[in-house]
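Throughout, protein chains are lettered first and strands after them, A, B, ... in sequence-line order, and every chain is numbered starting at 1.
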Amino acid sequence: MKAKAPPPPAGKVKLPAKASLELLADMLRIRRMEEKCAELYGQGKIRGFLHLYIGEEAVAAGTMRVLEPEDNVVATYREHGHALLRGVSMDAIMAEMYGKQEGCSRGRGGSMHLFDAKTRFYGGNAIVGGGLPLAAGLALAAKLQKEKRVTACFFGEGAVAEGAFHESMNLAALWGLPVAYFCENNLYAMGTALERSEAQTDLCAKAASYGMATLKVDGMDVVAVHEAARKAREHAAKKGPIFVEFQTYRFRAHSMFDPELYREKSEVEEWKKRGPIHTFSARLKAQKQLTEERFLELDAAAQAEVEKAVAFAERGTWEPVEHLTKDVYTEVSP
Amino acid sequence: MSAITYREALRQALDEALEKDERVFLMGEDVGKYGGTYAVSKGLMEKFGPERVRDTPLSELGFTGAGIGAALGGMRPIVEVMTVNFSLLALDQIVNTAALLRHMSGGQFSVPLVVRMATGAGRQLAAQHSHSFEGWYAHIPGIRIVAPATVEDARGMLGAALADCDPVLVFEYPALFETKGEASGERVDIASSKVRREGSKVTLVTYGGCLPKALKAAEEVDGEVIDLRVLRPLDMAPIVESVKKTRRAVVVDEGWRSGGLAAEVMARLMEEAFYELDAPVARVCSEEVPVPYAKHLEEATLPQVEEIVAAAKGLFG
């Protein structure tokens, strides 16, 4: 069965040129960073599981720009882009991929477990659905302490089959929590297509059944994502929980071990026509907000950042083995 | 100081915790309106309101995970998972999130969460409501496991658990809820095992609901009884000290025998006190069957005083 791609995102971008170029730059930074990660994986510099976000960049780009510094972010094991745009430095992310102690989790987490207390980035959760109850709890804490922060929780559509999804939707709605659940529906839970695993494939209907507000958005269109995320954050802050389905697509394999037997190459090619970076660039060019020269400048800046990050990771150091048992428990009470 | 029940000690501890610290809140199934399955939180919702004594849906995974999130967000949640049997539904959050988070994040995030649950058999509740999984939880680095077996500990351990920066699982014993004793109300340590009865012939190591059985058996065999109190991390020093004197030990554990907590204590005695022993260390555990309903079968399943006495006497050849 082939998942049919809708027409590519099109139409006038109703954003100021500066904002548009920021979104484009954000997507390019993720894309170039991850292309380099794939290359480094081939060289054995990065090991373990590596789940690339390539193709889905519009979701992280469009959502992160609307979050406030005080907000909480909970993500999955496909979270390089989210961490980067949340404000974790590419240096720290790349060092983490290398397993170096200069990494954002001291080299203990790797690709799947990026964490950063400074930017309230709560991981990096590699149990599907595991972040959803956590997000509800962070939102509950904010509510009980009368804080203004919103919690944004990212997860794939595979998570909607987990009990954690249903329990979390219910808790969030029951308690009116300030949380935005951002579902990145890339159509495949690893290799299992949505319609092969779910009796009800309308994800918004599932969330709505718990009394959640919902939005369904073209996740390949960074403008649509940005607009929906703005509404979602406002809704979460003022009215309570909201579920947003971003319809997106992963261009690369699930992980570096995936031979992609479950989908046809032609399907991937069709979705690539909807690629978030080139379609957005074309729209900006058509309305004279972007020139090829400017695009190349942004791309070069992203590539330079990647080269710098790789050099940082290469220079990084290994955590001494004597520190292995450090931080299993908290050593000093705050 | 007047004597109170173990149940009342638990209730007083919760009351005090909610009173002292605005960040503390209790959530779980039937903790509020119902007053707690075992009436431990009776009256607390009326006193502190439904926000701080929060009834939850039957979503152990969801509300345990929410407790972790709330802890990360600056609160000091006490999550009640009614009984250990239902905690299996929350196991993923306890293990994969609460226990791992600090180490996995390079030391950035501590989870100051307390999870309370009732545990143990002995009330004819049959197979699905009679588990003792303290030993399983004690297997996991990153969490602390405490097992109050006295009224003093039932009263004093919660405050200590809340003061801990890391997740603490508190196992409570309905088999002991009606026992009476004195409680000073002082916070107790949650790091050490303690001698509960001095004796000279054999060391009986136990915890939780088996403590009264071990104390009774000790009268017959001049046993020195050690209450583990904290199941992770284990404090072996008093046990090793005792064995140096008695030269014999029996471990009493309501968990199943294979791969259990008793096995861990025995292994450590091999490592730390092998040359002090005059006989192999023995253990009295539950029979490896699902706990049956019928009273005589349930009794035959669980460790009993006579078995402990027999095991102790067996060490003298």
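For the residue pair B/M104 and A/F115, the shortest heavy atom distance occurs at CE-CZ, 3.8 Å. Heavy atoms only, all atoms of each residue included: B/P141 and A/V328 are closest at CB-CG1, 3.8 Å. The shortest heavy-atom contact between A/Y329 and B/R232 is OH-NE, 3.2 Å. Taking each heavy atom of B/L61 and A/A164 in turn, the nearest pair found is CD2-CB, 3.6 Å. The two residues B/G62 and A/P133 make their nearest non-hydrogen contact at O-CB, 3.5 Å.
Few gaps surround CD on A/E314; more than 12 heavy atoms of other groups in view lie less than 6.0 Å from it. Within 6.0 Å of NE2 in B/H139 there are 12 or fewer heavy atoms belonging to other residues, nucleotides or ligands. Other residues, nucleotides and ligands place more than 12 heavy atoms under 6.0 Å from the CD atom of A/E68. Surrounding NZ of A/K118 are at most 12 heavy atoms belonging to other residues, nucleotides or ligands under 6.0 Å away. Within a 6.0 Å radius of CZ in B/F86, other residues, nucleotides and ligands contribute more than 12 heavy atoms. Counting non-hydrogen atoms of other residues, nucleotides and ligands closer than 6.0 Å to NZ of A/K326 gives a total of 12 or fewer. Environment of CE in A/M190: sparse, with no more than 12 heavy atoms of neighbouring residues, nucleotides or ligands closer than 6.0 Å.
We find the CZ-CG distance between A/R108 and B/L100 to be 12.0 Å, quoted to the nearest 0.5 Å. Rounded to the nearest 0.5 Å, atoms CZ (B/F109) and OG (A/S105) are 8.5 Å apart. For the atom pair CG of A/D116 and OG of B/S105, the computed distance is 10.0 Å after rounding to the nearest 0.5 Å.
Of the listed residues A/I127, A/T151, A/L177, A/N125, the one with more heavy-atom pairs under 4.5 angstrom with chain B than any other is A/I127. The candidate from B/V111, B/L72, B/I68 with the greatest count of non-hydrogen atom pairs under 4.5 Å with chain A is B/L72. With chain A as partner, the option from B/P167, B/G107, B/P233, B/G142 having the largest number of non-hydrogen pairs under 4.5 angstrom is B/G142. Contact tally against chain A (heavy-atom pairs below 4.5 Å) for B/G73, B/A99, B/A66: the top residue is B/A66.
Listed by first then second residue, pairs satisfying side chain to side chain donor-acceptor pair (under 3.5 Å) with a partner in residues 48-70 of chain B read B/E51-B/R54, not counting sequence neighbours.
Only the backbone of B/I140 comes within contact range of chain A, with heavy atoms under 4.5 Å apart. Interface remark: A/K143 contributes no atoms to any contact with chain B (heavy atom separation under 4.5 Å). B/T97 touches chain A through its side chain: at least one heavy atom from C-beta onward sits under 4.5 Å away, while N, CA, C and O do not. In this structure, no portion of A/L132 lies under 4.5 Å from any heavy atom of chain B. Contacts of A/A142 with chain B are absent, with no heavy-atom separation under 4.5 Å from either backbone or side chain. Only the side chain of A/N170 has a heavy atom closer than 4.5 Å to any heavy atom of chain B. Contacts of B/I143 with chain A are made by backbone atoms alone, with heavy-atom separations under 4.5 Å and no side-chain atom involved.
Judged by distance alone, with hydrogens and angles left aside, the side-chain atoms of B/Q93 form no donor-acceptor pair with the main-chain N or O of A/L134 at under 3.5 Å. Checked by atom type and distance alone, the side chain of B/Q108 pairs as donor or acceptor with a backbone atom of A/C104 at under 3.5 Å. A donor-acceptor pair under 3.5 Å is formed between the side chain of B/H103 and the backbone N or O of A/L324.
With a 4.5 Å cut-off on side-chain heavy atoms, B/P57 and A/L171 count as touching. For the pair B/F25/A/L140, a side-chain contact is recorded, criterion being any heavy-atom separation below 4.5 Å from C-beta on.
Side-chain contact annotation: A/T330 with B/S110, donor-acceptor N/O pair under 3.5 Å present.
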